[in-house]
Amino acid sequence: MWNVLGICGSLRRNSYSSGLLRAADRARPDITVLGAELAGRLPLFNPDLDDEALLPDAAREFRACADRCDGIIIATPEYAHGPSGATKNAMDWLVGSSGLAGKPTLLMSSSPGQAGGMRGHLALIPTLTLMGSVLVDSVTISGAPARTDGRGDFTDPDVAQRVELALREMSAALVRSERKASQALLR
Ligand SMILES: Cc1cc2nc3c(=O)[nH]c(=O)nc-3n(C[C@H](O)[C@H](O)[C@H](O)COP(=O)(O)O)c2cc1C
């Protein structure tokens with residue numbers, strides 16, 4: 001059983017990003033998506049607060065959840081061809097922790113447009129690799145309004161299938177990362 005931190009980069013009610021995280025949570029019995037509400041509660045990152053004595057409660061909870069989790073799923077909107085500010089802010093809070101190192105990480109997005117939010121992933125990739133994430137093939141879903149129920153839940157079975165496929169890869173990557181960690185312990 002794997003616990004994966006869900007980072008939702010949208011604060012919007014009925015957001016497609018939160019719908020994708022719910023779809024990921026439903027996709028496989030061996031993966032549970034936790035903490036999807038935490039990124040939205042973070043204050044704006046301020047290095048002055050990145051100190052054990054001053055760390056805001058929301059940031060402490062978010063980092064603790066990242067540390068405990070075996071992998072990460074980031075579901076981000078694409079805003080002006082980049083990731084949302086909420087997504088970038090969550091990344092900034094994680095830089096000072098070891099929450100991503102060696103962990104399988106899946107990027108997901110959905111938008112009404114034909115690129116499905118994929119340009120929102122691009123600027124995140126160098127940051128994620130710098131932080132030691134092990135990237136899994138990402139999911140982008142175009143034409144979102146016709147594939148959802150109006151509350152952000154995906155009703156298109158093809159979307160469920162694509163999410164399931166990505167989560168299957170995530171599961172295999174989690175097994176590989178656990179094997180690597182136990183081999184490192186034996187050395
Ligand atoms: C300020 C703003 C900028 C946006 N820029 C883009 C964009 O560059 N490309 C795109 O495909 N969609 C863009 N969109 C549409 C979002 O992808 C769409 O609102 C999406 O549903 C956001 O994700 P969410 O449903 O999780 O909130 C933009 C939306 C807003 C509000």
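Values in this document were obtained by computation on a predicted structure and should not be read as measured data. As the structure lists them, so they are numbered: ligands from 1, and atoms in each ligand from 1.
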Looking at [Y], is its backbone amide N or carbonyl O close enough to the side chain of [X] to form a donor-acceptor pair, meaning the two atoms are under 3.5 Å apart?
{"X": "Ser109", "Y": "Thr140", "answer": "no"}
{"X": "Ser110", "Y": "Ile141", "answer": "yes"}
{"X": "Ser171", "Y": "Leu167", "answer": "no"}

Quiz item: Of all residues at least two apart in sequence or in a different chain, which pass the salt bridge (Lys or Arg N to Asp or Glu O under 4.0 Å) check with Asp137?
Solution: none
Going by the atom numbers of ligand 1, which of them fall below 4.0 Å from some non-hydrogen atom of [X]?
{"X": "Ser10", "answer": "24 (P), 26 (O), 27 (O)"}
{"X": "Ala80", "answer": "3 (C), 4 (C), 5 (N), 6 (C), 7 (C), 8 (O)"}
{"X": "Arg119", "answer": "9 (N), 11 (O)"}

Which residue owns the protein heavy atom closest to [atom], what's the atom, and how far is it?
{"atom": "atom 26 (O) of ligand 1", "result": "Ser17 OG, 2.5 Å"}
{"atom": "atom 20 (C) of ligand 1", "result": "Ser110 O, 3.9 Å"}
{"atom": "atom 2 (C) of ligand 1", "result": "Tyr79 CD2, 3.6 Å"}
{"atom": "atom 21 (O) of ligand 1", "result": "Tyr16 CD1, 3.0 Å"}
{"atom": "atom 22 (C) of ligand 1", "result": "Pro77 CB, 3.5 Å"}

Quiz prompt | Option whose closest heavy atom lies nearest to atom 16 (C) of ligand 1, chosen from Glu78, Met118, Arg12 | solution = Glu78
Quiz prompt | Closest candidate by heavy atom, reference atom 18 (C) of ligand 1, pool Pro112, Gly9, Gly19 | solution = Pro112
Quiz item: Tell me, which pairs form a ring-ring contact (aromatic ring centres under 6.0 Å, His included) where one or both residues lie in residues 13-50, sequence neighbours left out?
Solution: Phe45-Trp93
Exercise. Report yes if some N/O of Ser18 lies less than 3.5 Å from some N/O of ligand 1; otherwise report no.
Key: no
Quiz item: Looking only at heavy atoms, what is the nearest atom pair of Asp70 and Met1, with distance?
Solution: OD2-O, 4.4 Å
Quiz item: Where's the contact between His81 and ligand 1, heavy-atom distance under 4.0 Å: side chain, backbone, both or neither?
Solution: both
Quiz item: Any Lys/Arg nitrogen of Lys88 or Asp92 sitting under 4.0 Å from an Asp/Glu carboxylate oxygen of the other?
Solution: yes
Self-check item: Arg28 bridged to Asp30 by N-O distance under 4.0 Å
Solution: yes
Quiz item: Taking atom CG of Asp57 as the centre, does the number of heavy atoms from other residues, nucleotides or ligands within less than 6.0 Å exceed 12?
Solution: no
Exercise. Check whether any heavy atom of Ser111 sits under 4.0 Å from an atom of ligand 1.
Key: yes
Practice problem: State if Gln114 counts as touching ligand 1 under the rule of any non-hydrogen atom under 4.0 Å. | Solution: no
Self-check item: atom 5 (N) of ligand 1 touched by protein (heavy atom, under 4.0 Å)
Solution: yes
Practice problem: Could you check Ser133 against Thr105 for side chain to side chain donor-acceptor pair (under 3.5 Å), going step by step and ending with a plain yes or no? | Solution: CA-CA 6 Å; Ser133 281; Thr105 301; 3.0 Å; yes
